[in-house]
Amino acid sequence: MTGARPLIIAWLLLLTAALTIGGLAIHLLRIQDQNLAVAATESQRQRLATAAESIGLAVIEARDTLSESLLALPADNLIDTLETWRLDNPLVRNVFVWQSGSGLLFPDPQKPTRDEEQAFVQRYFELFAGRADWSTPPPDEPTASGQVQARRELRDLAKSVAAEVASAPAMPAATGWLPWFWGDGLHLLVWADQPGGKRCGLEIEMAALLARLVTALPEPYEAHETLALLDDQGQAVHQRGAADLSNRQAMTMAVPIGSALPHWQLALYNDAEARPATQGVLLLGGLLTLVLVVAILLGGSLLLWQARRSLRDARRKTGFVANVSHELKTPLTTIRMYSEMLEEQTDIEPERRMRYLGIIGSESRRLTRLVNNLLDFSRLEQGRKQYHLQPVDLNALLERTLAGQSVPLAAHDMTLQLALPQPAIHCHTDGDAVEQVLLNLVDNAIKYAQEGKELAVTLTAEAEGVAVHVDDRGPGVPAGHTSKIFDMFHRVDASLTSHKPGTGLGLSIARQLLLDLGGDLTFQPRPGGGSRFTIRLPLSKGAGDIR
Ligand code: ADP
């Protein structure tokens, strides 16, 4: 674990850095989000103010046009002309002629001819009786809205040009207008003074004015916004958008229209369900940060996993070298010992000499097997292993190979039961490779299962080829290792102090050889205790199939 410690520290540092970056990023996003919200509100207010001014200007334009028309009225036939107006112009609701000191000259306050006329006289009673002020409210302060300001200036300029061209009036006439609140709301009165001290005027038809105003109401910018024109009672006279105006909480802001329509407002409503766009930015930023942190964590884990793997492989290789050295040393020591004895004891009896020679022979064969395994390992690793396919009498191969193992088997008191079918089975394969597989299995049985005292080798024909079972009565392979024992360097007892020396290569090489020959090597626990390794081979394998 010591080798992985720097990596864990590096990984923790990365994690800390990632979390700090993530935290800072979210903090910055929050600040940015607040700034955006403030900017968005300000821009909405600007838009609303411009729209409100534009509506106000539309009213002023209508009003000014009417007062200009009033100024131009002929002094004679005044009442008839006014009445014609009232009937023809939808913007005119009522008309009047008034004189300071005399009061209302038309309509006759004592004898109103229509209900509407009576209501009109009643509505403005205070004014016509001289008890209210006729003075026009001062114009609004110019605002920052360039668009409306420009429109206003253009209008004033055009008027001044018109005034210069037109012949000057005999005496300067005064005009004005008056917002009048009465019962059901706001009413607008426009008047102009006539020569002779008469003041003629008209009351604007609010419904007709409104019908023109709504065209000045802009479309809302966002789908979830609604614009509404509210009268002096706070009632919506017109709306653009689908918001439910009865929900007061949905109102985001309202700006006054100005002196043109006193106490009227233009209001902006926001659908409560709609998510402001800035929240989306925050969500996206949070997601990106999360992705960054997860990526760093995954990368760190991957590095750690890779480091542990490398560490395990390095340990296995160290163990492998130690094991190989040990494996080579043991038979070499035995061979040297027995050859020295033969050298020194010249008068040695013949049976003992034969036994010594037998031991030397079997130990040197063990050495050969080990060296063959190592050679095969490197050839298989590099993909250079070559096979020589030829017809092989499997009965003879098994008999010959196992006869060669009689000495080590006998040395460990192990009996061999060899069951061969008749007639003999022939197979097109590489005899040397099959022999090496068999020797590895017998070697393992002697090494790991000698207490069982039994080795049974059975050759049988199967539907798709042949099977050689190599059975022992040893301890078997623990459940968690049954497939791993075929992995390179894998040993059930992998400790360097294991009292059974080995390289962990034998089974993996044996299996690879058989796979190359079109067969396989498998393990099963043997019923009644012990292991069963099964070699499977096809009856014939074309040379072209060998990799
Ligand atoms: P080695 O014998 O050099 O360790 P192998 O690849 O031949 O390598 O075997 C892998 C492991 O399988 C051995 O370490 C051993 O634990 C287990 N094994 C192999 N054959 C037997 C057997 N006949 N009985 C019990 N365990 C076995």
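In listed order, ligands and their atoms are each counted from 1. All values derive from a computational prediction rather than experimental measurement.
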Practice task
Apply ring-ring contact (aromatic ring centres under 6.0 Å, His included) to His412 and list each qualifying residue two or more places apart in sequence or on a separate chain.
Solution key: none
Should [X] be counted as touching ligand 1, given the test is an N or O pair under 3.5 Å?
{"X": "Arg491", "answer": "yes"}
{"X": "Ala445", "answer": "no"}
{"X": "Ser508", "answer": "no"}
{"X": "Leu507", "answer": "yes"}

Taking the basic N atoms (NZ, or NE/NH1/NH2) and the acidic carboxylate oxygens, is any pair closer than 4.0 Å for [X] and [Y]?
{"X": "Asp472", "Y": "Arg526", "answer": "no"}
{"X": "Glu340", "Y": "Arg336", "answer": "yes"}
{"X": "Asp520", "Y": "Arg536", "answer": "no"}
{"X": "Asp516", "Y": "Lys385", "answer": "no"}

Handout entry: Atoms in ligand 1 flagged as close to Val492, the criterion being non-hydrogen separation under 4.0 Å
Key = 14 (O), 16 (O)
Practice task
For Gly506, counting its heavy atoms only, list the atoms of ligand 1 lying under 4.0 Å from any of them.
Solution key: 5 (P), 6 (O), 7 (O)
Among all protein heavy atoms in this structure, tell me which lies nearest to [atom], with the distance rounded to 0.1 Å.
{"atom": "atom 12 (O) of ligand 1", "value": "Ile485 CG2, 3.3 Å"}
{"atom": "atom 7 (O) of ligand 1", "value": "Asn444 ND2, 2.9 Å"}
{"atom": "atom 10 (C) of ligand 1", "value": "His490 O, 3.5 Å"}
{"atom": "atom 15 (C) of ligand 1", "value": "Tyr448 CZ, 3.5 Å"}

Fill in the blank from the handout: Tightest non-hydrogen contact, residues Leu227 and Leu217, listed as O-CD2, 4.4 Å
Handout entry: Met488 to Ser508 - nearest heavy-atom pair and separation
Key = CG-OG, 3.6 Å
May I ask whether [X] has any heavy atom positioned less than 4.0 angstrom from an atom of ligand 1?
{"X": "His481", "value": "no"}
{"X": "Gly476", "value": "yes"}
{"X": "Phe486", "value": "no"}
{"X": "Asn440", "value": "no"}
{"X": "Ser531", "value": "yes"}

Practice task
Examine the proximity of ligand 1 to Asp472 and report which part, side chain or backbone, both or neither, has a heavy atom under 4.0 Å away.
Solution key: side chain
Handout entry: Within reach of ligand 1, part of Val477 (heavy-atom separation under 4.0 Å)
Key = side chain
Handout entry: Test item: Asp393 side-chain N/O and His426 main-chain N/O as donor-acceptor pair under 3.5 Å
Key = no
Handout entry: From CA spacing to verdict: side chain to side chain donor-acceptor pair (under 3.5 Å), Thr458, His469
Key = CA-CA 5 Å; Thr458 317; His469 302 297; over 6 Å; no
Practice task
Examine the side chains of His388 and Asp432 and answer whether a donor and an acceptor come within less than 3.5 Å of each other.
Solution key: no
Handout entry: Pick from Ala449, Gly504, Pro475, Gly474: the one approaching atom 8 (O) of ligand 1 most closely through a non-hydrogen atom
Key = Gly504
Exercise for the section: Give the C-alpha distance, both sets of side-chain angles, the deciding distance and a yes or no for side chain to side chain donor-acceptor pair (under 3.5 Å) between Gln436 and Asp376. Expected result: CA-CA 10 Å; Gln436 201 187 330; Asp376 273 346; 3.0 Å; yes
